[in-house]
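Inspection log for the structure reproduced underneath, given as structure tokens.
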2 protein chains.
Amino acid sequence: MPIRVAIFEDNKLVRDSFEAILNGTDGFICTGSFSSCNSLVHDVKRSQPDVILMDIEMNGINGIEATKTIKQEFPSIKILIQTVFEDDDKVFSAICAGASGYMLKKTSPAKLIEATREVYEGGAPMSPGIASKVLTLFQKFAPPEPKSPDYESSNLSKREKEILLLMMEGDNFHAIAKKLFLSYDTVRTHVRSIYKKLHVASVNQAIVKAFKQRLI
Amino acid sequence: MPIRVAIFEDNKLVRDSFEAILNGTDGFICTGSFSSCNSLVHDVKRSQPDVILMDIEMNGINGIEATKTIKQEFPSIKILIQTVFEDDDKVFSAICAGASGYMLKKTSPAKLIEATREVYEGGAPMSPGIASKVLTLFQKFAPPEPKSPDYESSNLSKREKEILLLMMEGDNFHAIAKKLFLSYDTVRTHVRSIYKKLHVASVNQAIVKAFKQRLI
DNA sequence: TTGTGTATACCACAATTGAGTGAATTATTG
DNA sequence: CAATAATTCACTCAATTGTGGTATACACAA
């Protein structure tokens, strides 16, 4: 079963060229190519792609807005951003919008095909300079090491904090048990101590409390 | 002028093998290989590397601590992390510590050499799964935009927003029904449409999404 | 007129969670 | 050393939640 790819790209030449390359490569099929995002949701619904090649610089709705929309409506579709520029702002927005990869337009067709496959397989191909920017941005934004005073004073043990964190990721008890290599019942026991310490009585309330008090 | 590489690696076999490969490849020279980080600063000073291949799992000072120290003492030296594991925690810590790349140990020698060169040239090579994790972590930690467009585009109806809000107060379905003068089953029906629109499958995840996207 | 979305409500079954109780092992600390 | 907390696991039972249907009614747009 070939990888279904849709293209959103201003430039007709580039668009047609991509389409030709994809259809000419074993294991790929271009199920749609569009010059704008004006009927984005409709177009995506019709072409049912696994991966979308998204130009970032487009008239009307730009590639980043489009990426956000697509990720909201079709979270499982992977999006590979294509751009001529590599400024921090664009990279940052694209990733926050939910892009799975970020390639410069100067990339060779062969590498683009390879990147498309990598995206499809759950990877995150990025042109070298981009990857480096991402790491820098990451270091800049990630580790403010928040640890509010409540976090310490909440008396949650290390294990309990781990579990609360996973609860805040949306994991259920079975998933947590699996991730932490614990038995289901052990997780439930820990959850009960969390409830006791936070004075709550459900996942629901524990998460709310954790968020509101910036506990994590 | 060849790229000067130093190796920090527990396993003698792996260490010697890396050294042989580097010295056997044009454009590279191994200027030091060490089995621990016990005399880290001293060793780095002596070997004056451009790039360091750093094993993450080592006795004594581990690779992440070592990376921090090196980046502190010799900011211009690039560090390529090597690991067998790819859990979020390690990836996260390594990048925050200042690593320039993150390769799994199963990577082929050829790709490792290529990654070393890429690091030297200012890139950030990462094994596919790792790069993907980085993007995910990035999205997780990036500062949420103050006015999230998701609020408007979430398409939640008035009733659905009301109910989501009460869920975020920690109310259960019975409590919500009572507060809104609805039947228990009506609340559940609304909750189902909320899940559909937010692409989630539990109270748990709906609340997290609402908080993170500043939906309410 | 038909379709779509919203709001309301009910039934039934499966899965998950909450609460009670008990118990063993390993830190940690007074 | 003894007390305490943390961590681990198990079993039960009731309550809540998740998911599949089905149904009526209203409003608004194609």
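Protein chains get the first letters and strands the later ones, always in sequence-line order, with residue 1 at the start of each.
- Taking atom CG on Leu164(A) and atom C1' on dA6(D), their separation rounds to 17 Å, with Å as the unit.
- Sequence order on DNA chain C of the closest nucleotides to Asp185(B) and Glu160(B) puts Glu160(B) first from the 5' end.
- Thr83(B) pairs with exactly one of Lys105(B), Lys90(B), Glu57(B) by the side chain to side chain donor-acceptor pair (under 3.5 Å) rule, that one being Glu57(B).
- Residues Thr189(A) and Thr186(A) bring no donor and acceptor atom of their side chains to less than 3.5 Å of each other.
- Backbone-only engagement by Ser157(B) is indicated by non-hydrogen atom pairs under 4.0 Å involving sugar-phosphate atoms exclusively.
- For His190(B), taking side-chain heavy atoms from C-beta onward, the closest of the listed nucleotides dT19(D), dG18(C), dT8(C) is dT8(C).
- Among dC9(D), dA9(C), dA7(C), the nucleotide with an atom closest to any side-chain atom of Lys158(B) is dA7(C).
- Under the 3.5 Å distance criterion, with hydrogens and angles disregarded, a donor-acceptor pair is assigned to the side chains of Asn38(A) and Ser36(A).
- If you check distances only, the side chain of Ser183(B) never reaches the base of dC10(C) with a donor-acceptor pair under 3.5 Å.
- Interatomic distance, CD1 of Ile163(A) versus CZ of Arg188(A), reported as 12.5 Å (0.5 Å rounding).
- Residues from residues 169-181 of chain B that place a heavy atom under 4.0 Å from any atom of DNA chain D, listed by number: Asn172(B), Phe173(B), His174(B).
- The distance between atom NZ of Lys161(B) and atom C1' of dG5(C), rounded to the nearest whole Å, is 15 Å.
- Atom CD1 of Ile163(A) is separated from atom P of dT7(D) by 9 Å (rounded to the nearest Å).
- If you check dG18(D), dT7(D), dG18(C) against the side chain of Tyr195(A), the one that comes closest is dG18(C).
- The residue Ser193(A) sits apart from the nucleic acid: no heavy atom pair falls under 4.0 Å.
- You'll find a donor-acceptor pair under 3.5 Å spanning the side chain of Arg188(B) and the base of dG18(D), going by distance alone.
- Residue-environment remark: NZ (Lys71(B)) exceeds the threshold of 12 foreign heavy atoms within 6.0 Å.
- Closest contact between the side chain of Arg159(A) and the listed nucleotides dT7(D), dA7(C), dG18(C) involves dT7(D).
- Atoms CG (Asn204(B)) and C1' (dA15(C)) sit 14 Å apart, rounded to a whole Å.
- Residue Tyr184(A) is classed as a base contact, given a heavy-atom separation below 4.0 Å to a base.
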